[in-house]
Student: 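Handing you a structure now.
Below, each value reflects all heavy atoms present in this structure, side chains not excepted, and no hydrogens, waters or symmetry copies. When a ligand or atom number is given, it counts from 1 through the structure's own listing order. Keep in mind that this is a model prediction, so the values were computed, not measured.
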Amino acid sequence: MADTLTITDNRTGKTYEIPVENDTIRAMDLRQIKVQESDFGLMTYDPGYTNTASCKSRITFIDGDEGILEYRGYPIEQLAEQSSFSEVAYLLVHGELPTREQMETWEASIRMHTVVHENIKRQMEEFRYDAHPMGMMISTIAALSTFYPDAKQVDCQQNRMLQITRLIAKVPTLAAFCYRHSQGHPYNYPDNQLGYTENFLSMLFKMNDNPYPLLPAFVQALDVLFILHADHEQNCSASVMRAIGSSDADPYSALAGAAAALYGPLHGGANEAVLKMLNEIGNVSNVPKFIERCKAGEVRLMGFGHRVYKSYDPRAKIIKRTADAVFEVTGRNPLLDIALELERIALEDEYFVKRRLYPNVDFYSGLIYQAMGLPVTMFPVLFAIPRAVGWLAQWNELVEDKEQRIQRPRQIYLGHGRRDFVPTSARP
Ligand code: SDX
């Protein structure tokens with residue numbers, strides 16, 4: 001049997017042999033299918049790209065039915081258990097686990113770039129006292145592009161690696177500045193004696209010149225959360241990173257766009273929306289009524305459902321276990337009982353079962369961030385920090401992929417046919 005699709009166009013009786021490669025057909029192979037020779041030819045129509053591959057990638061593999069997630073072939077469960085975020089960042093960007101020497105060089109190069117230009121601080125101070133941290137984060141990442149005009153040399157591999165290192169190093173500093181601004185506290189500078197995640201926690205919470213007393217349970221929990229959020233193949237924000245990168249824009253501008261896409265409550269903003277939802281429900285006794293409102297289509301069960309996972313998001317399982325370790329230190333978050341009851345009912349209810357809706361990465365993560373003392377407005381920012389690594393790995397792969405071109409989808413035009421302009425005097 002040949003690896004082809006035989007298509008018969010019943011409008012003309014013609015048949016076409018379309019090659020099948022990697023279980024896909026090339027959309028451009030459909031353009032030969034026409035009724036008249038002058039026709040444009042067939043396209044596919046796929047709102048939300050539910051069944052369209054935009055690229056070939058070797059970074060992250062997801063099997064939505066089996067609940068499998070692998071970074072460069074390594075199962076997320078093993079990475080969360082045995083690796084560190086800093087090492088996973090190297091794996092995602094470079095494709096292999098680092099040797100000891102490579103790891104030392106990698107961590108040293110990131111430590112060298114954690115500081116941001118003083119003007120960034122002054123720029124951030126201009127935001128309103130109650131500015132949403134994610135709005136500040138998106139704007140400030142874009143502003144970073146003005147400090148590194150050399151980043152426009154996207155065709156230079158060495159330059160790309162420098163910018164990737166700079167951004168991985170600076171995103172936590174910007175995130176901590178956003179938090180400190182929202183709290184009205186002085187900004188903390190990076191402490192390069194600390195590891196990546198420790199340094200971020202210290203910049204968030206240090207209140208004087210004494211070293212911040214890092215709780216091992218918090219450091220471990222946040223490092224695992226960073227690993228789980230680092231990449232997720234062609235999600236909405238990664239697709240935006242690729243779309244902006246496809247025009248040869250610099251990686252700072254592309255990453256600001258990706259962060260903007262992540263901000264949406266249907267995407268990375270869901271972790272903030274989950275906490276708002278749990279607070280709105282308020283009590284376990286109100287859960288059945290809320291579930292009925294979901295089923296009536298009045299509200300969405302935020303933190304549930306996924307375009308790819310039609311089984312339990314493997315990240316949610318790990319986050320749930322991580323939450324227990326944090327609550328041992330902080331005491332149990334009362335909202336957890338509401339979340340557990342929502343999950344219990346939803347996993348039994350036909351509405352959710354039929355639509356294969358399960359908890360996703362955002363359902364439990366916010367409970368941990370809140371237990372650590374962070375406000376819900378910081379939750380999308382906490383998603384953006386690790387995901388910056390995935391965005392940059394995807395961007396780098398795009399730039400190196402000779403098959404990739406500037407992204408410019410087509411449309412189905414259903415508007416007016418040609419008509420002549422009507423001067424105001426002749427209008428009703
Ligand atoms: C992330 O893509 C990624 O990989 C994303 C991410 C990553 O790591 O990058 O995993 C991170 O964004 C996780 C998702 C976080 N978002 C939420 O938790 C928001 C709530 N979830 C949904 O809005 C929804 O499930 C999406 C956006 C996640 C997925 O949307 P789809 O695939 O377009 O599904 P859909 O909206 O077409 O829903 C299919 C059906 C619909 O019902 P019917 O019209 O068939 O009757 O399921 C229903 C929806 O109404 N549905 C829900 C629901 N999610 C889908 N009903 C109630 N509550 C929900 N959460």
Student: What part of Asp362, side chain, backbone, both or neither, has a heavy atom within less than 4.0 angstrom of ligand 1?
Tutor: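 Answer for Asp362: side chain.
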
Student: Can an N or O of Leu357 be found at a distance shorter than 3.5 Å from an N or O of ligand 1?
Tutor: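 No.
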
Student: Please classify the Glu233 to ligand 1 contact at 4.0 Å (heavy-atom distances, strictly less than): side chain, backbone, both or neither.
Tutor: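 Under 4.0 Å from ligand 1, Glu233 contributes no heavy atoms.
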
Student: Given side chains that start at C-beta, do those of Tyr358 and Phe363 come closer than 4.5 Å, heavy atoms only?
Tutor: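 They are not in contact (no side-chain heavy atoms under 4.5 Å apart), so the answer is no.
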
Student: Please confirm whether Tyr351 approaches ligand 1 to less than 4.0 Å, judged on its heavy atoms.
Tutor: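 The answer is yes, since Tyr351 has a heavy atom less than 4.0 Å from ligand 1.
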
Student: For Asp337, enumerate each residue passing the side-chain hydrogen bond (donor to acceptor under 3.5 Å, both in side chains) test, keeping only those at least two apart in sequence or located in another chain.
Tutor: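 In terms of side-chain hydrogen bond (donor to acceptor under 3.5 Å, both in side chains), with neighbours along the sequence ignored, Asp337 is linked to Arg332.
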
Student: Could I get the full list of salt bridge (charged side-chain N to carboxylate O under 4.0 Å, His left out) partners for Asp313, not counting sequence neighbours?
Tutor: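 For Asp313, the residues satisfying salt bridge (charged side-chain N to carboxylate O under 4.0 Å, His left out) (neighbours in sequence not counted) are Arg315.
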
Student: At under 4.0 Å between heavy atoms, which part of Arg356 makes contact with ligand 1: side chain, backbone, both or neither?
Tutor: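 Neither; nothing of Arg356 gets under 4.0 Å from ligand 1.
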
Student: Quick check with a 6.0 Å cut-off and a 45 degree axis cone: is Arg355 positioned over the face of Tyr351's six-membered ring?
Tutor: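 That pair qualifies as a cation-pi contact.
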
Student: Which bit of Leu266 gets closer than 4.0 Å to ligand 1, counting heavy atoms only: side chain, backbone, both or neither?
Tutor: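 Leu266 to ligand 1: contacts from backbone and side chain alike.
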
Student: Counting only heavy atoms, which portion of Cys294 has something under 4.0 Å from ligand 1: side chain, backbone, both, or neither?
Tutor: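 Near ligand 1, Cys294 shows nothing, with every heavy atom at 4.0 Å or more.
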
Student: Geometry only, no angles: is Val299 polar-contacting ligand 1 at N/O separations under 3.5 Å?
Tutor: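 Between Val299 and ligand 1 (N or O atoms, distance only) the closest approach is not under 3.5 Å.
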
Student: Would you say His229's side chain and Leu225's backbone share a donor-acceptor pair under 3.5 angstrom?
Tutor: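 Yes.
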
Student: Can you confirm whether some protein heavy atom lies under 4.0 Å from atom 2 (O) of ligand 1, or whether none does?
Tutor: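 Given the 4.0 Å cut-off, atom 2 (O) of ligand 1 counts as touching protein heavy atoms.
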
Student: Just let me know how Arg355 lines up against ligand 1, side chain, backbone, both or neither, with a heavy-atom cut-off below 4.0 Å.
Tutor: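 It is the side chain that gets close, since no backbone atom is under 4.0 Å.
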
Student: Compute the shortest N/O to N/O distance between Ala270 and ligand 1 and return yes if it is under 3.5 Å, no if not.
Tutor: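 Looking only at distances, the answer is no, because the N/O contact criterion of under 3.5 Å is not met.
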
